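Comments concern the structure below.
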Amino acid sequence: MLFGLFGCKDKNKDGNNGKGTAEQGTCGSNITWEYDKKSATLTISGTGAMEGEKFLWSGYKIKKLVISEGITSIVRNAFYSNHNLTGELVLPESLKEIGEFAFYGCDGLKGDLVIPDSVETIGGYAFERCTGFTGLKLSKSLKSIGPEAFQQLESVKGTLVLPDGLETIGRCAFHECSGLTGDLIIPDSVTSIGDWTFSQCGFDGRLKLSAGLDKIEYSCFTSCENFKGDLVIPEGVKEIGFHAFNSCGFDGTLTLPESLEYMGNGALAYCRNLKGAIVLPDGMKRMENNVFEGCESLTSLKLPSNIDYICSGTFRGCKSLTGELVLPESLLIIGDHAFGDTAFTGELKLPSKLISIGQAAFMDCKSFTSIAGFPETLTHIKDSAFSLCEELKGELVFPDGLAYVGKYAFNGCTGLTKVTFGNCISSVGEKAFLKCDGLKKAEFTGAIPDYYGQDEKYPSFPEGCEIVSPASAVKRTEIWQENVSKPVPSKENSSSGDDGLEKDQPYYWTQSLTGFDYVGEGRFADVALLFVDGILSVKINKRELLTVRYEADMNADLDDRVVTTDGFFCRDGWIEKLSYDKGFYHDDILTAVLVKADGSSEEVRFHTGSEESLYIKSGE
């Protein structure tokens, strides 16, 4: 029986079955171990790879560990969470591999951790939470560092030297090693770095990235607040994951490679000290939300020539971005808060294919002086889109396709003198032109939209602004009210399905219905659906138009998640049911067929996120 293999005790040296001063066993085909109780010394001798099982020496108080020359590997879990292991750790020059969890949580080990130059592989979690080490020297032969291998070695001080020949660094390998300082030079042999690998480290020098990388994983360097110098992303990198460099301290310039195609949410957000230009390569396919948010010292911007969307918050708070903002002709959607609180100057030229200007998209952009027209494709200008753009002057002429101008949309634009609305305007939100003291005339060229008058608490237009419309113009609100009580075309009246019984509170997927406004897409941006306790409230321009009971099977499969009603009027037609789906970046989407009075129909969508979320497929 191989007692030593399972950590059982052999006879002591005197043959007294454990009553002497030493215990012995085996931990490999050619390896023995001996524990001296008197000196609390564990000696492992022999040749080859260690074998054994977890907690092999967990009950031993070890003041000195001797691993003799000839040992080539330390077995997985060998000293896992052994708080009784103390002193300095001396590893043999014959060692090639340190297994996973080998010294995990051995917080009694002290001094410098020196990995012999013979070691090629350090397994995952091998030294995680070994909080007593004060220095770290890696092997010159190292090829692979496993996940979390040195995580939370907060007491380790000094420079980290990664050897040439190193190929992979696992996720969280050095996460929260806050005592590491100096430069971080990642050799060109490295082809893979995991997520969170160097996050929250204390490096206070420059970062040099490997030329062998094609991707920088999410949160890889997040909150490395003391980095200095330039941030140069090497050619060949195609993706920068979300929060990859979030809140880093670089105080030089930013260089992005021509190979770059994708930047994740918040990838460079709050790198407050980066200076100079943002030059985004033309091959860029997508930047997700908040990529450069809070980069206060960057001064100019060159956008990719073929990008379709500027996602929510992408450049919000980039206070020093100035000069002309050149938007590519390919641009379809400017997301919520996309350019809020930037310092671009002069005339704003909007692309000819633009569909949507999101909530607060240009809020607090105080240096724009004019808008060079709105494209015919534009369907809405959402809440606070140009709020506090104090230098905007002159007349605004909105296109015929524009259906909605949201609340506070042009709040504080004191230099505006006249606004003219096209034929399809449906709603003008409350306080849309608040504090536009120079605005003297608002002209409707078609039907009169819903707007808040001077007799209401929050009027859409400032006091003294003349409202002009054609003598024959009808009021859209009157049309809506006439249709509220009408049934869905070609559908007979039926009961609401309300049996008078108390309905169960929604849960499972149906929880996503409640607590949020589902706002219409495109020209339906003034429509919001609100679901509460089995009642659907339909609002237009923040005013409740009607309520109707709804039902939804909370246990429905993914493809069968449907909200059903007996039909309700929704501004331009009638809807009976809405299909639920999850979209990009946590967007909840309801899709319906809207049937018009003439029998024609169109697909409409309502959702909870920024407009671009409807056009980006999750997992792209």
Side-chain angles (χ1 to χ4, degrees), residues 357 370-371 373-383 385-386 392-411 413-486 489 520 522-527 538-546 569-574 594 596-600 602:
I357 299 176
S370 61
I371 300 173
F374 295 90
E376 291 297 323
T377 52
L378 190 65
T379 59
H380 57 248
I381 300 172
K382 290 191 176 181
D383 298 352
F386 293 94
L392 282 181
K393 294 179 175 64
E395 179 180 348
L396 299 180
V397 179
F398 298 117
D400 282 341
L402 187 73
Y404 178 52
V405 175
K407 68 177 182 179
Y408 293 104
F410 292 91
N411 166 48
C413 298
T414 57
L416 297 179
T417 56
K418 181 183 176 182
V419 290
T420 302
F421 296 87
N423 292 328
C424 294
I425 188 68
S426 173
S427 301
V428 180
E430 56 189 3
K431 300 183 180 180
F433 294 90
L434 178 69
K435 297 181 181 179
C436 292
D437 299 334
L439 188 60
K440 301 304 180 186
K441 189 174 184 179
E443 183 176 354
F444 301 122
T445 59
I448 300 171
D450 178 45
Y451 68 90
Y452 289 75
Q454 290 299 322
D455 58 338
E456 297 184 89
K457 187 174 182 181
Y458 302 118
S460 300
F461 301 98
E463 188 175 0
C465 179
E466 180 186 6
I467 310 297
V468 179
S469 60
S472 59
V474 298
K475 293 183 177 180
R476 293 196 184 276
T477 52
E478 293 178 355
I479 300 173
W480 301 337
Q481 290 298 334
E482 287 175 6
N483 285 293
V484 164
S485 59
K486 293 180 181 179
R523 65 186 185 84
F524 286 90
D526 59 338
V527 179
V538 180
K539 296 181 179 180
I540 301 179
N541 202 19
K542 307 294 190 291
R543 305 182 201 264
E544 186 172 86
L545 178 67
L546 59 88
F569 180 73
C570 185
R571 208 189 73 183
D572 293 353
W574 288 263
L594 182 132
K596 300 178 183 180
D598 62 4
S600 64
E602 68 174 298

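Being a predicted model, the structure only gives us computed values, none of them experimental.
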Original post:
Can you find a heavy atom in the side chain of Phe433 that is under 4.5 Å from one in the side chain of Val428?
Top reply: yes
Original post:
Side-chain contact, heavy-atom cut-off 4.5 Å: Val527 with Tyr404?
Top reply: no
Subject >> Set of residues satisfying ring pair (Phe, Tyr, Trp, His ring centres under 6.0 Å) with respect to Phe524, sequence neighbours excluded >> reply: none
How long is the straight-line distance from [atom2] of [Y] back to [atom1] of [X], given to the nearest 0.5 Å?
{"X": "Cys570", "Y": "Leu546", "atom1": "SG", "atom2": "CG", "answer": "8.0 Å"}
{"X": "Leu416", "Y": "Lys440", "atom1": "CG", "atom2": "NZ", "answer": "12.0 Å"}
{"X": "Ser426", "Y": "Ile448", "atom1": "OG", "atom2": "CD1", "answer": "13.0 Å"}
{"X": "Cys436", "Y": "Leu396", "atom1": "SG", "atom2": "CG", "answer": "9.0 Å"}
{"X": "Lys393", "Y": "Thr414", "atom1": "NZ", "atom2": "OG1", "answer": "7.0 Å"}
{"X": "Lys539", "Y": "Leu545", "atom1": "NZ", "atom2": "CG", "answer": "12.0 Å"}

Where [X] and [Y] come nearest, the two heavy atoms and their spacing:
{"X": "Ala447", "Y": "Ala473", "result": "CA-CB, 4.4 Å"}
{"X": "Pro459", "Y": "Gly453", "result": "CB-O, 3.3 Å"}
{"X": "Pro470", "Y": "Thr445", "result": "CG-O, 3.6 Å"}
{"X": "Thr417", "Y": "Glu395", "result": "OG1-N, 3.9 Å"}
{"X": "Ala385", "Y": "Ile357", "result": "CB-CG2, 4.0 Å"}
{"X": "Val484", "Y": "Phe569", "result": "CA-CB, 4.1 Å"}

**OP:** Can you run down the side chain to side chain donor-acceptor pair (under 3.5 Å) pairs that involve residues 450-464, sequence neighbours left out, and say none if there aren't any?
**Re:** Asp450-Asn541, Asp450-Arg543, Glu456-Arg543
Under the salt bridge (charged side-chain N to carboxylate O under 4.0 Å, His left out) test, residues paired with [X] that sit two or more places apart:
{"X": "Lys475", "value": "none"}
{"X": "Lys431", "value": "none"}
{"X": "Arg523", "value": "Asp572, Glu602"}
{"X": "Lys407", "value": "none"}

Subject >> Salt bridge flag under 4.0 Å for residues Asp526 and Arg476 >> reply: no
**OP:** Please work out whether the ring planes of Phe461 and Phe421 are parallel, tilted or perpendicular, with thresholds of 30° and 60°.
**Re:** perpendicular
**OP:** If the plane angle is over 60° it's perpendicular, under 30° parallel, otherwise tilted; pick one for Phe386 and Phe374.
**Re:** perpendicular
Original post:
Yes or no on side chain to side chain contact (heavy atoms under 4.5 Å, CB included) for Ile540 and Trp480, after CA distance, side-chain angles and deciding distance?
Top reply: CA-CA 10 Å; Ile540 301 179; Trp480 301 337; 3.4 Å; yes
Original post:
Has Tyr408 got more than 12 heavy atoms of other residues, nucleotides or ligands less than 6.0 Å from its OH?
Top reply: no
Subject >> Side-chain (His380) to main-chain (Gly522) donor-acceptor, under 3.5 angstrom >> reply: yes
